[in-house]
Amino acid sequence: MLTIHNSLTKQKEPFTPIEAGKVRLYVCGMTVYDHCHVGHARMIVVFDVVVRYLRYLGFEVTYVRNITDIDDKIIQRAHENGEDIQTLTTRFIQAMYEDIDALGVLRPDIEPRATESMPEIITMIARLLEKGYAYATRNGDICYTIQRFAAYGQLSGKQLDDLRAGERVVIDESKQHPLDFVLWKMAKSGEPSWDSPWGKGRPGWHIECSAMSTHCLGNHFDIHGGGMDLQFPHHENEIAQSEGATGEPFVNVWMHNGFVRVNNEKMSKSLGNFFTVRDVLKRYDPEVIRYFILTSHYRSPLNYSDQELDAAKQALTRLYTALRGLPQISYQKGQYSQRFHAAMADDFNTPEALSVLFELAKEINKNETPAEFGAELHHLGGILGLLQADPDTFLHGTDDVSEIEQLIAERLAARKQRDWAEADRIRDRLQELGVILEDGKEGTIWRKR
RNA sequence: GGCUGGGUGGCAGAGUGGUAAUGCAGCGGUUUGCAAAACCGUACCUCGCCGGUUCGAAUCCGGCCUCAGCCUCCA
């Protein structure tokens, strides 16, 4: 039985889909004005694992992850760069695919873009106006009136009276309530705009997700995910918009992943303490990053540092070392699978699930006939999107290996002559090249440090 | 000020009532020409602080200290 922590109720609940055997899931994706950083990578990998696991359990999953390709920051960045908006977003969408494909992330089933969803957005705003959930301000913007939505605050646990709008930002006098948010912004000169019944303009960020998710998945769907920072106000606003417009319940289960931290602070664009995925990929195998993300539970904070990545690399090396040289046989469910699945079914407890993989590695290493354990390890790793590379490929790296193999052959010859000095000299040389040797009964094998 | 979520052995990180998973690091041994990898054994520490409930708590309750996040955009 799969249980999932629901941010709405703040507890783990047994998961029951709305429609038997099917799961409809929406995750807030990227705003494409810059490269993905490790924080984005965490969100994307976490929900990739969620989707993989739901599918593994036999659910027919419809996974939707949007792309926000129009907003203030995009406009601003395009302006700074002196390029047009579409050129900018196209470039960063391409870059995003490069980054997350490298991390072994499966593509969503539907990937709606804000700029391609204007009819749905406009329809939803019109419905909110009809039902009295929205109003036009003096300057022509359309705003949501949160006081009309009685359940506002249910997700974040905030009471309207407790919220201090204007604490950190100037209050907009044209709004009825300081926390009312914009659904449709009137066009400014030089900015992209779309026609609407209220004149040319563009959508607010919150309405995009409400419109795209309900359009792709229906008014009421199973799971909505995103980063912890989106809980308020973004997801709170989505509930208000969607339930206001449709009159139906919006989402059954809300899932929020924790942050990546750097020196005990949230990694973020605004703090400037972020590492882009492509920079980290220059120094670490993508699978190491994926593994690193899964070493902590998805709701816990994850500390980013080189030491942590080194540790992840070392751990993954242990698993691949165990798999090296094993005959490929078909997987049969073993005793470890049960524990792996118990962990995963408990709110996707990947650290616990990974610990089972290490126990399998140990079993392989000490066992005379380890092929079955190897097949199980390979199979269970695959559920997490790990351990699918050829072990030698992982351990050797992707650079040219001919010089290394040449040196190893020379060392082997020296060892045959019992010329230990020469053998050790070559080994030192190889060490300089980052190669670690292992002399076994059946010859010498090696790996990259 | 309000709301969330945390504080676990040297480090990382699970565990939410029965006495600390897993990885790295440490120590002793096996193995090795020496190493490495691997295996076997092993220590440390008792789970932020104080009090309570219980036969029994890291795990429940109360108080306190402290950290992070949200209440602007943010995965």
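Lettering follows sequence order; numbering is per chain, from 1.
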Are [X] and [N] close enough that a side-chain N or O sits under 4.0 Å from OP1 or OP2?
{"X": "A/W446", "N": "B/rA37", "answer": "no"}
{"X": "A/S300", "N": "B/rA14", "answer": "yes"}
{"X": "A/K362", "N": "B/rU22", "answer": "no"}
{"X": "A/K10", "N": "B/rU4", "answer": "no"}
{"X": "A/Q314", "N": "B/rA25", "answer": "yes"}

Going by the angle between their ring planes, with limits at 30° and 60°, are A/F149 and A/Y144 parallel, tilted or perpendicular?
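A/F149 and A/Y144: perpendicular rings.
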Inter-nucleotide [atom1] distance ([N], [M]), Å rounded:
{"N": "B/rU32", "M": "B/rA37", "atom1": "C1'", "answer": "11 Å"}
{"N": "B/rC27", "M": "B/rC45", "atom1": "C1'", "answer": "16 Å"}
{"N": "B/rU19", "M": "B/rU8", "atom1": "C1'", "answer": "15 Å"}
{"N": "B/rA12", "M": "B/rA68", "atom1": "P", "answer": "16 Å"}
{"N": "B/rG51", "M": "B/rU42", "atom1": "P", "answer": "35 Å"}
{"N": "B/rU30", "M": "B/rA36", "atom1": "P", "answer": "14 Å"}
{"N": "B/rG10", "M": "B/rA21", "atom1": "P", "answer": "15 Å"}
{"N": "B/rG52", "M": "B/rA58", "atom1": "P", "answer": "15 Å"}

Looking at every strand, decide which applies to [X] at a 4.0 Å heavy-atom threshold: base, sugar-phosphate, or nothing.
{"X": "A/H256", "result": "nothing"}
{"X": "A/I436", "result": "sugar-phosphate"}
{"X": "A/F358", "result": "sugar-phosphate"}
{"X": "A/G39", "result": "base"}
{"X": "A/D310", "result": "nothing"}
{"X": "A/V27", "result": "nothing"}
{"X": "A/S270", "result": "base"}
{"X": "A/R411", "result": "base"}
{"X": "A/M267", "result": "base"}

Check A/D285 with A/K313, please: is the shortest side-chain N to carboxylate O separation under 4.0 Å?
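No, no charged N to carboxylate O under 4.0 Å.
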When you check the gap from the basic side-chain N to the acidic O, do A/K158 and A/E236 get nearer than 4.0 Å?
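Looking at A/K158 and A/E236, the cut-off is not met.
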Closest nucleotide among [options] to the [X] side chain:
{"X": "A/N257", "options": "B/rA75, B/rC71, B/rA38", "value": "B/rA75"}
{"X": "A/H297", "options": "B/rA68, B/rC73, B/rA14", "value": "B/rA14"}
{"X": "A/P351", "options": "B/rA36, B/rC40, B/rA14", "value": "B/rA14"}
{"X": "A/S355", "options": "B/rC73, B/rA21, B/rA14", "value": "B/rA21"}
{"X": "A/R427", "options": "B/rC73, B/rG33, B/rG13", "value": "B/rG33"}
{"X": "A/R447", "options": "B/rC34, B/rA75, B/rA36", "value": "B/rA36"}
{"X": "A/E438", "options": "B/rC39, B/rA36, B/rC3", "value": "B/rA36"}
{"X": "A/A315", "options": "B/rC74, B/rG23, B/rU72", "value": "B/rG23"}
{"X": "A/N303", "options": "B/rG13, B/rC71, B/rA75", "value": "B/rG13"}

Is any N or O donor-acceptor pair between the side chain of [X] and the base of [N] shorter than 3.5 Å?
{"X": "A/K158", "N": "B/rC70", "result": "yes"}
{"X": "A/N349", "N": "B/rG15", "result": "no"}
{"X": "A/R318", "N": "B/rC24", "result": "no"}
{"X": "A/R299", "N": "B/rG5", "result": "no"}
{"X": "A/D439", "N": "B/rC34", "result": "yes"}
{"X": "A/K269", "N": "B/rC74", "result": "no"}

With nearest nucleotide decided by heavy atoms, which residue, A/L271 or A/L230, maps closer to the 5′ end of RNA chain B?
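It is A/L271, whose closest nucleotide lies nearer the 5' terminus.
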Mapping A/G157 and A/A423 to their closest nucleotides on RNA chain B, which lands nearer the 5' end?
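Upstream on the strand: A/G157.
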Just checking, A/R52 and A/F47: is the charged tip under 6.0 Å from the six-membered ring centre and within 45° of the axis?
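Here A/R52 fails the 6.0 Å and 45° test against A/F47.
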Under the salt bridge (Lys or Arg N to Asp or Glu O under 4.0 Å) test, which residues partner A/D439, sequence neighbours left out?
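Partners of A/D439 under the salt bridge (Lys or Arg N to Asp or Glu O under 4.0 Å) test: A/R411, A/R415.
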Measure the distance from [atom1] on [X] to [atom2] on [N] and round it to the nearest whole Å.
{"X": "A/H5", "N": "B/rA14", "atom1": "NE2", "atom2": "C1'", "result": "17 Å"}
{"X": "A/Y304", "N": "B/rG13", "atom1": "OH", "atom2": "P", "result": "15 Å"}
{"X": "A/N264", "N": "B/rA68", "atom1": "CG", "atom2": "P", "result": "6 Å"}
{"X": "A/E236", "N": "B/rU4", "atom1": "CD", "atom2": "C1'", "result": "12 Å"}
{"X": "A/I408", "N": "B/rA37", "atom1": "CD1", "atom2": "P", "result": "16 Å"}
{"X": "A/Q307", "N": "B/rG10", "atom1": "CD", "atom2": "P", "result": "18 Å"}
{"X": "A/I70", "N": "B/rC73", "atom1": "CD1", "atom2": "P", "result": "17 Å"}
{"X": "A/W254", "N": "B/rU4", "atom1": "CH2", "atom2": "C1'", "result": "16 Å"}

Can you list the steps and then say if A/D48 with A/M43 is a side chain to side chain contact (heavy atoms under 4.5 Å, CB included)?
CA-CA 8 Å; A/D48 182 58; A/M43 172 274 289; over 6 Å; no
Kindly check if the number of other-residue, nucleotide or ligand heavy atoms within 6.0 Å of NZ (A/K188) is above 12?
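For A/K188, atom NZ is not crowded (no more than 12 foreign heavy atoms under 6.0 Å).
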Can you tell me if NE2 on A/H234 sees more than 12 non-hydrogen neighbours from other groups inside 6.0 Å?
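Result for NE2/A/H234: enclosed.
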Closest approach of A/G381 and A/Q388, non-hydrogen atoms and distance?
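Distance-wise, the nearest heavy atoms are C-NE2, 4.1 Å.
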Which pair of heavy atoms, one from A/P112 and one from A/V64, lies closest together, and at what distance?
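What the structure gives for the nearest pair is CD-CG1, 3.5 Å.
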Are the side chains of A/P233 and A/H206 in touch, meaning some heavy atoms are under 4.5 Å apart?
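Side chain of A/P233 against side chain of A/H206, heavy atoms only: contact under 4.5 Å found.
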In dot-bracket, 5' to 3', how would RNA chain B read with Watson-Crick or G-U wobble pairs under 3.5 Å, [ ] for crossing ones and | for pairs to another strand?
((((((((.[[[..)..(...]]].(((((.......))))).....[[[[[..)....]]]]])))))))....
Evaluate A/H5 against A/H256 for ring pair (Phe, Tyr, Trp, His ring centres under 6.0 Å), listing each step before the verdict.
CA-CA 9 Å; A/H5 179 93; A/H256 292 98; 9.3 Å; no
